[in-house]
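Shown next, in structure tokens, is the structure this report addresses.
We name chains A, B, ... by the order of the sequence lines, and we start the count at 1 in each one. What you see is a predicted model, and the numbers here were worked out from it, not measured in a lab.
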Protein chains: 2
Amino acid sequence: MGTGVSETRRPARPAAFPALPRERVERAPFANVTGRTVCIRRDAEIYCEGSHATHIFKVISGAVRTCKAMQDGRRQIGEFVLPGDVFGWDGIESHFYTAEALADTVLVSYPRRAIEDATRYDQVAARSLRLMMLDSLSAAQRRMLLLARKTAVERVATFLLEMHERTSREPGEVHLPMTRNDIADHLGLTLETVSRVLSGLKQKGAITLHGAHIIRVANRQILSKISGEDGP
Amino acid sequence: MGTGVSETRRPARPAAFPALPRERVERAPFANVTGRTVCIRRDAEIYCEGSHATHIFKVISGAVRTCKAMQDGRRQIGEFVLPGDVFGWDGIESHFYTAEALADTVLVSYPRRAIEDATRYDQVAARSLRLMMLDSLSAAQRRMLLLARKTAVERVATFLLEMHERTSREPGEVHLPMTRNDIADHLGLTLETVSRVLSGLKQKGAITLHGAHIIRVANRQILSKISGEDGP
DNA sequence: CGATCAGTTGACTAATTTCAACTTCAGTGG
DNA sequence: CCACTGAAGTTGAAATTAGTCAACTGATCG
């Protein structure tokens, strides 16, 4: 595992991160800890499965996927990390996932050690750290239900609604920075199934497709009903 | 372990928890917090999905399942909690899962609030609480890989090896206090598939069956290879 | 402007579920 | 004490879902 597995476009690209200084100081969201700004190229690895887990990261712009591969190549994507989100808590000593940039991405990295130290005297930080972990756990639990018991259509509908919640641009518009293959590996399906299900949802009038990476939710009711969530 | 409590039949039962006082004081595993001992009958509910999450619990004897149901009856079991394990962190405000006793069970309950307060001045407690959460997260991540990408045989083999690790009685003997249906809902399969796969593993010489709830691992090599884990 | 890779669609296959019959087992209750 | 009872478990055949293989389309980059 862990060779350069690129997923979308792979040709050499020129300038990126236009006006961003390569190093900058950012406040951690939860503690009085200074972080270091890092710029990552699309498809570049941020950390590797099994490597020593020394830092956590906050996404400023771009997007990240955390993924795990089996020896025979089967792959699972743990989560898509979007701007504002934090990742890197996958494992106690060493990382369970590999983290890769879905697009050119700017992150801030914080040493775990420093964060843990900071929580020693900062109760607010300690609490928000705990909440962050409990949030990850909740997300994992919802995901396990999806993977264990939902059908392909339900999984895709749930995913679209989740992405819609998380990215909220123009109302109804969902931007998917990842490939169909990434979505499939996130939902425990194949890329063909994802593609077919999206076509089916379009047929039903639940969504419209505008290129491969922009989807508009035409009928949130239908989508929500299809997703199998408890919602009204 | 070894409570001699009946595990699978459900007719009305008389005396249980023979010599245990109904209330006893126990130390939390991670903090200077006192807990209350509680005895639960088989199939009784400990807390309900959606209820306010005020306490966490440590299992002393017996076993617990945490499960989530969809409206149409599909069910998923989040985890089987065995003696020594802690549960109740499923959700920030309210519980994501319902927790039920798999057998007559003795627990100790601790108020979340008290634990959080205790970590304020006890750094060791704070750290072990964080580790406990990270552990749950790791378990969830392994489980997501299993649910997203493993075949039925791989899931069952992985489950058996995990239970073997966790219960380690006589070498090679695994005690399964839950029904096939419970196992199926834990692994995202049907009870028939679980049954078939177990028969298949027996055929292959990987395991032997001694009644429905005791399994001996006859060939750990085979089982490990089948499980699809990275192991040698 | 053509090479390449993402995405879509179709036909077929494989894995798992569903439905159904049958067996086993533990705990009564006669 | 032992036959009865009902749930749990096993097994088989048919049905269904999603996966695999393959052809084709379309977009993007050099």
| request: Begin from the C-alpha positions of Thr158(A) and Lys150(A) and carry the test side-chain contact (heavy atoms from CB on, under 4.5 Å) through to its verdict. | output: CA-CA 9 Å; Thr158(A) 305; Lys150(A) 289 194 179 181; 3.1 Å; yes
| task | May I have the step-by-step check of side-chain contact (heavy atoms from CB on, under 4.5 Å) for Phe96(A) and Trp89(A), ending in yes or no? | result | CA-CA 9 Å; Phe96(A) 179 78; Trp89(A) 290 114; over 6 Å; no
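Side-chain nitrogen and oxygen atoms of His213(A) include at least one within less than 4.0 Å of the OP1 or OP2 phosphate oxygen of dG7(C). Listed pair Ser199(B) / dT11(D) meets the phosphate criterion, a side-chain N or O lying under 4.0 Å from OP1 or OP2.
As a whole-Å value, the separation of Arg180(A) CZ from dT9(C) P is 10 Å. At whole-Å resolution of the value, CD1 in Ile183(A) and P in dG7(C) are 8 Å apart. For the pair Asn181(A) CG and dT8(C) C1', the interatomic distance rounds to 14 Å; values are reported in whole Å. In this entry the distance linking CZ of Arg75(B) with P of dT17(C) reads 15 Å, nearest Å. Rounded to an integer number of Å, the gap from NZ of Lys202(B) to P of dT10(D) is 9 Å. For Arg42(A) and dC5(C), the CZ to C1' distance is 12 Å, given to the nearest whole Å. When rounded to the nearest whole Å, the span between CG of Leu147(B) and C1' of dT16(C) equals 15 Å. Between the CZ atom of Arg155(B) and the C1' atom of dT17(C) there is a distance of 13 Å, given to the nearest Å.
In this structure, Leu209(A) and Arg149(A) both approach DNA chain C, and ranking their closest nucleotides by distance from the 5' end singles out Leu209(A).
Considering only residues two or more places apart in sequence or on other chains, Ser109(B) meets the side chain to side chain donor-acceptor pair (under 3.5 Å) condition with none of them. With sequence neighbours left out, the side chain to side chain donor-acceptor pair (under 3.5 Å) criterion links Glu79(A) to no other residue. In terms of the side chain to side chain donor-acceptor pair (under 3.5 Å) criterion, Glu192(B) has no residue partners (sequence neighbours excluded). In this structure Thr190(B) satisfies the side chain to side chain donor-acceptor pair (under 3.5 Å) test together with Thr193(B), sequence neighbours excluded.
Within residues 185-196 of chain B, the residues having any heavy atom closer than 4.0 Å to DNA chain C are, in order of number, Gly188(B), Leu189(B), Thr190(B), Glu192(B), Thr193(B), Arg196(B).
A donor-acceptor contact shorter than 3.5 Å is absent between the side chain of His175(A) and the backbone of Ile214(A). Of the possible donor and acceptor atoms, none in the side chain of Arg41(B) sits under 3.5 Å from a partner among the backbone N and O of Ala103(B).
Defining each end axis of the helix from dC1(C)-dG30(D) to dG30(C)-dC1(D) as the rotation carrying four pairs' C1' atoms onto the next four, with five pairs an end, the two axes are found to diverge by 30° to 10 degrees.
Arg65(B) pairs in a salt bridge (charged side-chain N to carboxylate O under 4.0 Å, His left out) with only one of the listed residues (Asp185(B), Asp43(B), Asp85(B)), which is Asp43(B).
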